[in-house]
Amino acid sequence: MHMNGLLILGFVAQGLFGARFFVQWLASEKEKRSVVPFSFWILSLVGGILLFIYATARHDPVFMVGQASGVFIYIRNIYFILRERKEIVHAK
């Protein structure tokens, strides 16, 4: 990948990944309690995947391992949320 394209990917990925904290903060302020909205996990997943791609292109194994393990956790949390929503719908 061309260096400028790689830098753009890295900044976009970091922007998405960092935006999750802004989203979480806004949701918590709205509820007046600590809240982790579904969009937090989506931003974590998309940002984490893009950061993993960036780390792979940079041949950075430390960064790759860190992002790969995070992606697994984000997928698992999204699965739990969707499963719970499905159970609620079926319980009605």
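Remember, it's a predicted structure, so these values are computed and weren't measured experimentally.
Ring-plane geometry between Phe17 and Phe21 is classed as perpendicular, the angle between the planes exceeding 60 degrees on a 0 to 90 degree scale with a lower cut at 30.
Geometrically, Arg76 does not engage Phe72 in a cation-pi contact defined by less than 6.0 Å to the ring centre and at most 45° from the axis.
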Can you give each donor-acceptor pair under 3.5 Å made by side-chain atoms of residues 30-41, sequence neighbours left out, with the distance rounded to 0.1 Å?
unit_1: Lys32; atom_1: NZ; unit_2: Glu29; atom_2: O; d: 3.3

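The two atoms that bring Leu6 and Ala57 nearest to each other are CD1-CB, 3.4 Å, heavy atoms only. Taking all atoms of both residues into account, the shortest heavy-atom contact from Ala13 to Leu50 is CB-CB, 3.4 Å.
Separation of atoms CD1 (Ile78) and CD1 (Ile42) is listed at 3.5 Å; rounding is to 0.5 Å. The CG atom of Leu45 sits 12.0 Å away from the CD1 atom of Ile73 when rounded to the nearest 0.5 Å. Rounding to the nearest 0.5 Å gives a distance of 10.0 Å between CG of Leu82 and CD of Glu84. The distance from atom OH of Tyr54 to atom CG of Leu7, rounded to the nearest 0.5 Å, is 5.5 Å. Interatomic distance, CD1 of Ile49 versus CZ of Phe52, reported as 10.0 Å (0.5 Å rounding).
Hydrophobic clustering of Ile, Leu, Val, Met, Phe, Trp and Tyr side chains at less than 4.5 Å, counting indirect connections, keeps Tyr74 apart from Met64. There is a path of hydrophobic side-chain contacts, each under 4.5 Å, that joins Leu9 to Leu43.
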